[in-house]
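What follows is a short report on a single structure.
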Amino acid sequence: AFHLFQTGVLGITFLQPATEDIGSRWLIKKEIDNIVPPNLQSRKWDKFPSVEQKTPGPIFGTNICDLSLQNVPRPPLPVLKCPPVLEVRQLFQYEPVRVELRHQMQNSLKEYIEQILQKEQEVNEMIIKEPRSEEERMQAADLFKLVLSYPDNEESQIEDKEATKVNTSMNLNGPKD
């Protein structure tokens with residue numbers, strides 16, 4: 001069946017009868033235990049016929065061009081029924097892209113890429129940048145390590161402050177005799 005969806009688009013749908021479920025063709029069939037065909041398998045002696053008889057046929061070479069087949073009436077064709085499973089295939093043909101449309105698509109794609117690159121550049125500019133040089137950063141890191149190396153205990157800091165207060169008060173009052 002032919003279908004016209006849009007101008008310049010042609011579609012064909014194929015309906016093919018399938019004898020079995022379409023998904024079953026991907027399944028592996030059960031393998032037989034014996035791969036020897038039944039007519040070549042060995043039989044038991046008790047199943048052989050007691051007497052073998054030949055069935056007579058035409059003499060060899062006399063039936064090469066049998067013209068009697070033309071006079072034999074052909075059996076009527078069976079009535080077609082809808083099969084239980086149909087395989088559907090759809091093919092579409094679109095009209096080829098013109099040169100003008102191709103250039104327009106390329107230009108639109110270039111503009112889109114430029115917009116994305118511009119947004120990425122704006123995002124990169126918004127990132128916080130370190131104004132210090134490498135040397136200044138090294139000095140700041142050394143100072144930070146030095147600060148962290150001092151004792152962090154508050155009690156020792158309070159004791160140090162009290163000791164300096166006592167020393168300064170003794171120096172201001174003068175030495176006692």
Side-chain angles (χ1 to χ4, degrees), residues 1-43 55 57-152:
F2 290 95
H3 303 288
L4 280 174
F5 297 103
Q6 300 171 358
T7 56
V9 179
L10 180 67
I12 300 175
T13 303
F14 293 99
L15 298 175
Q16 180 180 359
T19 56
E20 58 185 30
D21 183 23
I22 294 173
S24 66
R25 60 174 79 164
W26 300 104
L27 298 175
I28 297 175
K29 305 267 191 284
K30 182 180 177 185
E31 295 181 6
I32 305 169
D33 295 335
N34 192 356
I35 61 170
V36 179
N39 59 342
L40 295 179
Q41 291 178 0
S42 59
R43 298 183 291 172
T55 54
I59 302 173
F60 182 74
T62 58
N63 222 8
I64 295 175
C65 293
D66 191 8
L67 301 176
S68 63
L69 292 177
Q70 294 176 355
N71 298 334
V72 176
R74 293 185 180 158
L77 294 173
V79 178
L80 295 176
K81 298 182 221 175
C82 183
V85 179
L86 284 176
E87 186 175 344
V88 179
R89 294 182 186 204
Q90 291 183 335
L91 301 176
F92 299 103
Q93 180 182 6
Y94 296 92
E95 95 180 20
V97 178
R98 299 182 314 274
V99 177
E100 302 90 29
L101 182 59
R102 185 181 307 267
H103 289 303
Q104 182 182 0
M105 290 170 61
Q106 286 177 345
N107 291 335
S108 299
L109 184 62
K110 285 179 184 177
E111 289 174 7
Y112 179 68
I113 291 172
E114 288 172 358
Q115 285 178 357
I116 290 176
L117 291 175
Q118 184 179 6
K119 285 181 182 178
E120 186 177 338
Q121 185 178 5
E122 289 173 1
V123 167
N124 287 338
E125 288 176 0
M126 292 176 71
I127 294 175
I128 298 174
K129 296 177 183 163
E130 182 69 50
R132 299 180 292 181
S133 66
E134 184 68 31
E135 192 175 305
E136 290 174 335
R137 278 188 265 160
M138 295 282 285
Q139 288 176 352
D142 291 341
L143 284 173
F144 186 66
K145 286 180 186 175
L146 182 65
V147 168
L148 290 179
S149 67
Y150 287 126
D152 201 24

From NZ (Lys110) to NE2 (His103), nearest 0.5 Å = 9.5 Å
Between CD1 on residue Ile12 and CD on residue Gln90, distance to nearest 0.5 Å | 11.0 Å
Let me have the donor-acceptor pairs involving side chains of residues 118-138, under 3.5 Å, with sequence neighbours excluded, atom names and distances please.
from	atom 1	to	atom 2	distance (Å)
Asn124	ND2	Glu120	O	3.4
Glu130	OE2	Arg132	NE	2.6
Glu130	OE2	Arg132	NH2	3.2
Ser133	OG	Glu136	N	3.4
Glu136	OE1	Ser133	N	3.1

CD1 of Ile35: more than 12 outside heavy atoms within 6.0 angstrom?
-> no
Within 6.0 Å of CG in Asn39, more than 12 heavy atoms from elsewhere | yes
For Gln41, all residues meeting side chain to side chain donor-acceptor pair (under 3.5 Å), sequence neighbours excluded = none
